[in-house]
2 protein chains.
Amino acid sequence: MEKKERLTIKQIARLANVSDSTVSRVLNNQPDVNENTRQRIQEIVKRVGYRPDAIARSLVTGQSKTLAFVTEDIRNPFFAEVARGLEDAAAEYGYQIIYCSTDSNVDKEKMYIDMLLAYRVAGIVFTSFSGNQAIINEIIKCNIPYVFVNRYYNEIPGDCVLIDNYRGGYLATQHLIKLGHKRIVHLGGGSVSFTRLERKRGYEQALKDAGIKYNEKLVKTIKGTLKYNTGYEITKEILKEEKFTAIFALNDLIALGAWAACLEEGKKIPEDIAIVGFDNIDFTAFPTVALTTINQPRYEMGRKCMEILKERIEGSSTDNAEKFKKIIFTPELVIRKSCGFYRK
Amino acid sequence: MEKKERLTIKQIARLANVSDSTVSRVLNNQPDVNENTRQRIQEIVKRVGYRPDAIARSLVTGQSKTLAFVTEDIRNPFFAEVARGLEDAAAEYGYQIIYCSTDSNVDKEKMYIDMLLAYRVAGIVFTSFSGNQAIINEIIKCNIPYVFVNRYYNEIPGDCVLIDNYRGGYLATQHLIKLGHKRIVHLGGGSVSFTRLERKRGYEQALKDAGIKYNEKLVKTIKGTLKYNTGYEITKEILKEEKFTAIFALNDLIALGAWAACLEEGKKIPEDIAIVGFDNIDFTAFPTVALTTINQPRYEMGRKCMEILKERIEGSSTDNAEKFKKIIFTPELVIRKSCGFYRK
DNA sequence: CTGTTAGCGCCTTCAT
DNA sequence: ATGAAGGCGCTAACAG
């Protein structure tokens, strides 16, 4: 049985009758190499199928071409779409992505971050984050750039890529109000997430502008993961507690869960209850669903993260670490059938 | 401005008044270390927050704790669910996952594999693969274990995790036949994928067993990505060409696209056309969709991949590389509303 | 333009 | 039970 040892730079050097530094130079496209030598080496590299060891390279350069994507759950189509944008841009620049699904569990988050730091990832994208300062401090200590997507924290520094969530919440609620709704449930809010607060603020302001009194009982804070079942269950609850004719949910998955709960209780959508979601995940466009929602340019947001990280990683090292970026995209109301027409 | 150098094993050694080898030993839980020394070192490690450099470790051990998940598109919920299963199991064993979305494009696939090999990943999961032998040869040459999920190749060796796709295709078609359908379109087939061939074979056999003649014109091979739009477009075509009362699509996304196309052409589902999908992605259960489909235990399949890889990576090195595993799960028919009831 | 030297941070014999 | 030395594969000064 033959031993298949991995080729090293030294063997290439020997084959080409040069030193390994010379090979290293052509491998890294450095100048000051004789054109003949360069070609000869490149040819050999190609012929024998030599592939530089990225691990060894990382060790000496102190840098890796690996990024991390920290998310609540990659099964949520919103995150998957952001991830794809990031991944595509990353691939163009020669970076690869490690995915970490935390289920919004601080311990899992810690575990993952620890692993990522051990592997000296070049940058981290947070699409979900516990808000735990200690974790961010660790990352900062390791001098690793990071960016929040669709997340923002007043107390925690960092680049971020967002949409105007306030405006999104406003548009969603305003749409329902225009259709004649007065008792509008909001599935969202809570205190941990700036994104949620902003959406809720938009909801409140739209009510106010329309002269509708804010009613605390119509606001249900989501606890736990932002998934379908969560929306389903919370809606089951509020259907027993309150009367209302419309729902604005903080994301599409929750909205869909709410929809299912309404149907199960004999409510018709949109005749009895109108629903607006948030994110505009692909499925909301399906004809028998047709959920009205707020669009976020998810793919583009993912790409933008890569741009930001790339600049931080490779950019001029003038310490501009203090000037954090805040990229804000514009939300758009996507009107579909789940709200029906003007009533009463 | 303070320089924040990363702590190294040597500094820990100095703090503990021992040599770095001793520190290394306790870090790796090796025996033959004085219990006092061990505790002292562990305490220091904890106190100063030292984190071993995984890159350096990988370089010397020649192994990494990084796996790769190669898929067509992570936005496809089927893949996302498999990925989550893999990721969860991986996290339990201290592995992390790099995701690679290839869009079933050989060049992208090559590019990614190249990157993965350069980084010496410990193992690869293919959820989508071009069938390119050369690529597999490279991987084998690097001695990296890999497993195919939901894919199987006669000519290409490797472990695989599958369902009985033939049976899945049979169940789907049989269901339609039982409901009285005779002209059943199949969106699938083609020659590249064993999985597709098997599903189609099930389709054919079910027809045969029911005494229905196989009609080539009712079979449309999917080209391109297995996504919603692809299903939509191909269905638009066949609606113009043929008469039929039912569709069996090779996956749910295609089925959903077909559904949308039918609606657009004024067909009602299930009254005019019955539809069966494949995979049982979460969204098919939504009440206003309720797509009849074939369930695959996606999450479990992902977990299984981890088990297989772990054994190959860490297992006893007795060369059992020839005995490839073939794990087969059982598909289940999930009856929902998209097929309606018995007709005529 | 090219070779030599010296590590990157860690693990692993081999002595002691 | 511990330390010293050497090396994983590569890059980066520094000479020449």
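By convention in this document, chain letters (A, B, ...) are assigned in the order of the sequence lines, proteins followed by strands, and residues within each chain are numbered from 1.
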Using a strict cut-off of less than 4.0 Å between a Lys/Arg side-chain nitrogen and an Asp/Glu carboxylate oxygen, indicate whether A/E138 and A/K141 qualify as a salt bridge.
yes
Is it true that A/F69 and B/Y99 have ring centroids separated by less than 6.0 Å?
no
Kindly indicate, with the supporting measurements, whether the criterion salt bridge (Lys or Arg N to Asp or Glu O under 4.0 Å) is fulfilled by A/E92 and A/R303.
CA-CA 11 Å; A/E92 287 168 23; A/R303 290 198 73 99; 2.9 Å; yes
Using modelled atom types only, decide if a donor and an acceptor are shared between the side chain of B/R25 and the backbone of B/D32 within a distance under 3.5 Å.
no
Tell me the interatomic distance from B/D20, atom CG, to D/dA4, atom P, rounded to whole angstroms.
9 Å
Could you check A/R312, A/K325, A/K326 and say which one makes a salt bridge (charged side-chain N to carboxylate O under 4.0 Å, His left out) with A/D159?
A/R312
How long is the line joining CD1 of A/I12 and C1' of D/dT11, in whole Å?
16 Å
Which of residues 111-123 of chain B have a heavy atom under 4.0 Å from DNA chain C?
none
Nucleotide range of DNA chain C contacted by chain A, 5' to 3', under 4.0 Å to a heavy atom?
C/dC1 to C/dG9
For DNA chain C, which residues of residues 21-39 of chain A approach it to below 4.0 angstrom with any heavy atom?
A/S21, A/T22, A/R25, A/D32, A/V33, A/N34, A/T37
Applied to residues 106-118 of chain B, the salt bridge (charged side-chain N to carboxylate O under 4.0 Å, His left out) test, sequence neighbours excluded, yields A/R51-B/D114, B/D103-B/K108
Could you state the CG-P distance from B/L59 to D/dT11, rounded to the nearest angstrom?
12 Å
Parallel under 30°, tilted from 30 to 60°, perpendicular over 60°: which one fits the rings of A/Y146 and A/F324?
tilted
Does any N or O in the side chain of A/Q96 come within less than 3.5 Å of the main-chain N or O of B/I98, such that one atom is a donor and the other an acceptor?
no
For the pair A/T195 (side chain) and A/N150 (backbone), establish whether a donor and an acceptor sit closer than 3.5 Å, ignoring hydrogens and angles.
yes
With A/S104 via side-chain contact (heavy atoms from CB on, under 4.5 Å) - residues at least two apart
A/E72, A/S128
I'd like to know if the side chain of B/S24 and the backbone of B/D20 have a donor-acceptor N/O pair within less than 3.5 Å.
no
Comparing nearest nucleotides in DNA chain C, the 5'-proximal residue of the pair B/K10, A/S19 is A/S19
Is a side-chain donor or acceptor of B/Y153 paired with a backbone partner of B/F148 at a separation under 3.5 angstrom?
no
Using C1' atoms of five pairs at each end, report the bend of the helix from C/dC1-D/dG16 to C/dT16-D/dA1 rounded to 10 degrees.
40°
Before giving the answer on salt bridge (Lys or Arg N to Asp or Glu O under 4.0 Å), spell out for A/D88 and A/R84 the whole-Å C-alpha distance, their side-chain angles and the decisive distance to 0.1 Å.
CA-CA 6 Å; A/D88 285 356; A/R84 221 17 242 281; 3.0 Å; yes
